[in-house]
Amino acid sequence: MDKSWMHSDRRSKAYEFGVEAFLNFAVENLLTTTHIRCPCVKCVNLKLFGVGIIRDHVYFNGIDQSYKNWTFHGEPWEATTNASRNVEEHDGHSRYSFVSEEIDMDDNDFGDFGSDPYEFANVIGFGDQPVYPGCRKYTKLSALVKLYNLKAKHGISDVCFTELLILQGNLLPEGNTIPTSMYEAKKTLCALGLSYEKMHACPNDCILYRKEYEDSTNCPTCGISRWKEGKDSILKEGVPAKVVWYFPPIPRFKRMFQSHETAKSLTWHAARKLIDGQMSHSADSPSWKLLDDKWPEFGNEPRNLRLALSSDGFNPHSSLSSRYSCWPVILVTYNLPPWLCMK
């Protein structure tokens with residue numbers, strides 16, 4: 001299919017005909033008009049909309065020009081010559097596989113990325129490439145994580161971040177591995193599988209609006225509205241008053257055991273040399289020993305995870321007059337040696 005229209009002026013007839021041909025192709029292959037990934041430069045195939053909204057997005061925002069193979073819209077995967085999309089077969093598994101999960105999206109939207117135990121290792125191996133030939137300070141993955149942290153810290157838009165990646169790619173020597181768009185950067189980072197879910201919550205912390213309360217608009221316990229109240233005392237329907245960010249721990253535990261070095265560290269507490277009279281780890285505490293005595297079947301397996309739960313509140317805006325606060329609930333893995341579990 002001709003895709004030259006993706007680079008045409010959005011006001012041209014070629015672009016108009018191309019958009020309609022793309023939408024018709026997607027509908028015919030996906031057999032739906034209500035749940036299609038939007039390929040505009042802002043959504044980058046990470047949000048689902050109907051055909052009408054997608055058409056508006058593609059006109060107003062423009063289509064992501066790096067999306068050359070329409071795999072999310074029914075086109076079969078074909079390897080391209082683009083270095084950032086190169087596929088190398090190694091032991092029957094691709095060195096780099098495309099992913100369709102995004103850091104900002106829920107597991108329910110894109111499925112479980114932990115089902116393939118090789119995918120994480122493959123992406124990490126691919127990310128260990130130097131940023132450019134001869135670079136020893138940064139790898140592709142470490143550089144990308146640094147750049148993405150700056151984007152999140154300073155609120156850089158997706159379009160600006162894409163232009164920044166293109167500029168850096170042009171400034172670095174030939175053969176550099178910097179992605180050329182936000183779309184490609186997200187595909188690399190999301191393969192880490194560190195997804196999260198956003199859950200609406202009662203402002204008084206009574207319930208989470210999920211399962212039987214998913215469609216409720218008022219808390220069944222205290223009666224307060226689910227939606228945020230504006231300055232004019234009018235409820236902003238659709239805008240939650242409180243949101244809980246849930247980071248599922250099970251996929252993260254799987255990631256720990258997929259690394260040979262980390263898996264070995266998870267049994268450090270049982271394999272270490274004991275020093276009498278000194279408490280060098282939580283395993284030396286009476287509480288740890290009490291747990292082993294009370295549940296010997298659990299204690300006899302050193303790979304079983306011992307977790308500590310910690311929580312505290314802080315004001316992320318560093319302003320004493322602000323009423324906004326965050327309360328992270330953190331799980332600490334005590335199986336690890338002190339220099340890792342307390343890091």
**Student:** Identify the heavy atoms of Leu208 and Ala201 that sit nearest to each other, and give their distance.
**Tutor:** CD2-CB, 3.7 Å
**Student:** Quick check on the 6.0 Å ring-centre criterion: do Tyr334 and His269 meet it?
**Tutor:**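 No, ring centres 6.0 Å or more apart.
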**Student:** Between Phe253 and Leu307, does a side chain to side chain contact (heavy atoms under 4.5 Å, CB included) hold up when you go through it step by step?
**Tutor:** CA-CA 11 Å; Phe253 294 155; Leu307 306 173; 3.7 Å; yes
**Student:** Within 45° of the ring axis of Trp245 and under 6.0 Å from its six-membered ring centre, is that where the NZ or CZ of Lys198 lies?
**Tutor:** yes
**Student:** Indicate the atoms forming the closest heavy-atom contact of Leu340 with Ser265, along with that distance.
**Tutor:**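 Looks like CD1-OG, 4.0 Å.
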**Student:** Of all residues at least two apart in sequence or in a different chain, which pass the side chain to side chain contact (heavy atoms under 4.5 Å, CB included) check with Ser12?
**Tutor:** Ser8, Asp9, Ala14, Tyr15
**Student:** Side chains of Ile224 and Cys202: does their closest heavy-atom pair fall under 4.5 Å?
**Tutor:**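 In short, these two side chains touch, coming nearer than 4.5 Å.
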**Student:** Under 4.5 Å between any side-chain heavy atoms of Trp227 and Val239, yes or no?
**Tutor:**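 No, their side chains stay 4.5 Å or more apart.
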**Student:** Could you state whether Met256 and Ile250 fall into the same hydrophobic cluster, counting links through intermediate Ile, Leu, Val, Met, Phe, Trp or Tyr residues with side-chain heavy atoms under 4.5 angstrom apart?
**Tutor:** yes
**Student:** Suppose the criterion is salt bridge (charged side-chain N to carboxylate O under 4.0 Å, His left out): which pairs have a residue in residues 205-220, not counting sequence neighbours?
**Tutor:** Asp205-Lys242
**Student:** Kindly work out whether a path of hydrophobic side-chain contacts (I/L/V/M/F/W/Y, heavy atoms less than 4.5 Å apart) joins Met6 to Val58.
**Tutor:**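 Shared cluster, yes.
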**Student:** Donor-acceptor pair, distance only, cut-off 3.5 Å: does the side chain of Tyr209 make one with the backbone of Cys219?
**Tutor:**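 At least one qualifying donor-acceptor pair exists.
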**Student:** What residues, two or more places apart in sequence or in another chain, satisfy side chain to side chain donor-acceptor pair (under 3.5 Å) together with Ser181?
**Tutor:** Ser66
**Student:** Let me confirm one number: the CG-SG distance from Asn61 to Cys38, rounded to the nearest 0.5 Å.
**Tutor:**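 These two atoms lie 7.0 Å from each other.
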**Student:** Find out whether Gln65 and His7 are in side-chain contact, i.e. whether some heavy atom of one side chain is under 4.5 Å from a heavy atom of the other.
**Tutor:** yes
**Student:** Do the side chains of Leu147 and Ile166 join up, straight or via other hydrophobic residues, at under 4.5 Å, putting them in one cluster?
**Tutor:**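 In one cluster: no.
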**Student:** Spell out, as yes or no, whether a donor-acceptor pair under 3.5 Å connects the side chain of Asp64 to the backbone of Val44.
**Tutor:**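 Flag not set: sc Asp64 to bb Val44 has no pair under 3.5 Å.
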**Student:** Please lay out, stage by stage, how Ser282 and Ser285 fare under the test side-chain hydrogen bond (donor to acceptor under 3.5 Å, both in side chains).
**Tutor:** CA-CA 5 Å; Ser282 302; Ser285 67; 5.8 Å; no
**Student:** Work out which heavy atom in Thr71 is nearest to a heavy atom in Tyr67; give both atom names and the distance.
**Tutor:** N-OH, 3.3 Å
**Student:** Quick one: pull up CD in Glu16 and CZ in Arg10 and give me the separation to the nearest 0.5 Å.
**Tutor:** 14.5 Å
**Student:** Taking Pro173's backbone N and O only, do any of them form a donor-acceptor pair with Asn176's side chain (distance below 3.5 Å, no angle check)?
**Tutor:** yes
**Student:** I'd like to know if the side chain of Asn204 reaches the main chain of Cys206, judged simply by a donor and an acceptor atom lying under 3.5 Å from each other, with no hydrogens or angles considered.
**Tutor:** no
**Student:** Any carboxylate oxygen within less than 4.0 angstrom of a Lys/Arg side-chain nitrogen, looking at Glu75 and Lys68?
**Tutor:** no
**Student:** Is the side chain of Asn335 donor-acceptor paired with the backbone N or O of Arg306 at a distance under 3.5 Å, no angle test?
**Tutor:**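 Yes, Asn335 side chain to Arg306 backbone: donor-acceptor pair under 3.5 Å.
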**Student:** So does Lys146 get a backbone contact from the side chain of Asn149, meaning a donor-acceptor N/O pair under 3.5 Å?
**Tutor:**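 A pair under 3.5 Å: no.
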**Student:** Say whether, by atom type as modelled, one donor and one acceptor occur between the side chain of Arg226 and the main chain of Pro240 under 3.5 angstrom.
**Tutor:** no
**Student:** Just how far is it from atom CG of Leu167 to atom CG of Leu172, taken to the nearest 0.5 Å?
**Tutor:**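 With rounding to 0.5 Å, CG (Leu167) is 9.0 Å from CG (Leu172).
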**Student:** Hey, does Val243 have a side-chain heavy atom less than 4.5 Å from the side chain of Met199?
**Tutor:**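 No - every pair of side-chain heavy atoms lies 4.5 Å or more apart.
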**Student:** Do other residues, nucleotides or ligands put more than 12 heavy atoms under 6.0 Å from the CD atom of Glu297?
**Tutor:** no
**Student:** With a 3.5 Å distance limit and no angle check, can you tell me whether Arg255 reaches the backbone of Pro251 through a side-chain donor-acceptor pair?
**Tutor:**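 No; zero donor-acceptor contacts below 3.5 Å.
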**Student:** Apply side chain to side chain contact (heavy atoms under 4.5 Å, CB included) to the pair Thr333 and Leu266, showing each step before the final yes or no.
**Tutor:** CA-CA 8 Å; Thr333 308; Leu266 289 172; 4.0 Å; yes
**Student:** How are the rings of Trp5 and Phe22 set to each other: parallel, tilted or perpendicular (split at 30° and 60°)?
**Tutor:** tilted
**Student:** Only counting residues at least two apart or in another chain, list the ones meeting side chain to side chain contact (heavy atoms under 4.5 Å, CB included) with Arg55.
**Tutor:**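 Partners of Arg55 by the side chain to side chain contact (heavy atoms under 4.5 Å, CB included) criterion, ordered by chain and then number, come out as Val19, Glu20, Leu23, Val51, Tyr59.
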**Student:** What are the two closest heavy atoms between Val329 and Ser311, and how far apart are they?
**Tutor:**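 The answer is CG2-OG, 3.9 Å.
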**Student:** Measure across Cys43 and Phe49 and return the closest heavy-atom pair with its distance rounded to 0.1 Å.
**Tutor:**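 Taking Cys43 first and Phe49 second, the nearest heavy atoms are SG-CE1, 3.8 Å.
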**Student:** How long is the gap from CD1 on Ile36 to CD1 on Ile53, to the nearest 0.5 Å?
**Tutor:**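 Answer rounded to 0.5 Å: 11.0 Å.
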**Student:** What closest approach, in Å, do Pro130 and Thr177 show between heavy atoms, and which atom pair accounts for it?
**Tutor:** O-OG1, 3.2 Å
**Student:** Could you give the side-chain donor-acceptor pairs of residues 152-165 under 3.5 Å, partners two or more places apart or in another chain?
**Tutor:**
{"residue": "Ser157", "atom": "OG", "partner": "Cys160", "partner atom": "N", "Å": "3.2"}
{"residue": "Asp158", "atom": "OD1", "partner": "Lys151", "partner atom": "NZ", "Å": "2.9"}
{"residue": "Asp158", "atom": "OD2", "partner": "Lys186", "partner atom": "NZ", "Å": "3.3"}
{"residue": "Thr162", "atom": "OG1", "partner": "Asp158", "partner atom": "O", "Å": "3.0"}
{"residue": "Thr162", "atom": "OG1", "partner": "Met182", "partner atom": "N", "Å": "3.1"}

**Student:** Is a side-chain N or O of His281 found less than 3.5 angstrom from the main chain of Leu336, in a donor-acceptor match?
**Tutor:** yes
**Student:** Is there a path of hydrophobic side-chain contacts, each under 4.5 Å between heavy atoms of I, L, V, M, F, W or Y residues, that connects Val145 with Leu150?
**Tutor:** no
**Student:** Examine Trp268 and Phe257 and state if one hydrophobic cluster contains both, with Ile, Leu, Val, Met, Phe, Trp and Tyr joined whenever side-chain heavy atoms are less than 4.5 Å apart.
**Tutor:**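 Looking at the clustering, Phe257 is in the same group as Trp268.
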**Student:** Just how far is it from atom CG of Leu305 to atom CD of Glu301, taken to the nearest 0.5 Å?
**Tutor:**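 The CD atom of Glu301 is 10.0 Å from CG of Leu305, to the nearest 0.5 Å.
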**Student:** How would you list, by chain and number, every residue that makes a side chain to side chain donor-acceptor pair (under 3.5 Å) with Gln168, sequence neighbours excluded?
**Tutor:**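 Counting only residues at least two positions away or on another chain, Gln168 forms no side chain to side chain donor-acceptor pair (under 3.5 Å).
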**Student:** Would Glu261 and Lys264 pass as an ion pair if we require N to O under 4.0 Å?
**Tutor:** no
**Student:** With rounding to the nearest 0.5 angstrom, report the CD1 to CG distance, Ile178 to Leu144.
**Tutor:**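 Ile178 CD1 to Leu144 CG: 7.0 Å, rounded to 0.5 Å.
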**Student:** Would you sort out whether Tyr213 and Ile207 count as a side chain to side chain contact (heavy atoms under 4.5 Å, CB included), showing the intermediate values?
**Tutor:** CA-CA 8 Å; Tyr213 303 121; Ile207 64 163; 3.9 Å; yes
**Student:** Would you say Arg37 and His73 are linked by a side-chain donor-acceptor pair, where the criterion is simply a distance under 3.5 Å?
**Tutor:**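 There is no such pair between these side chains.
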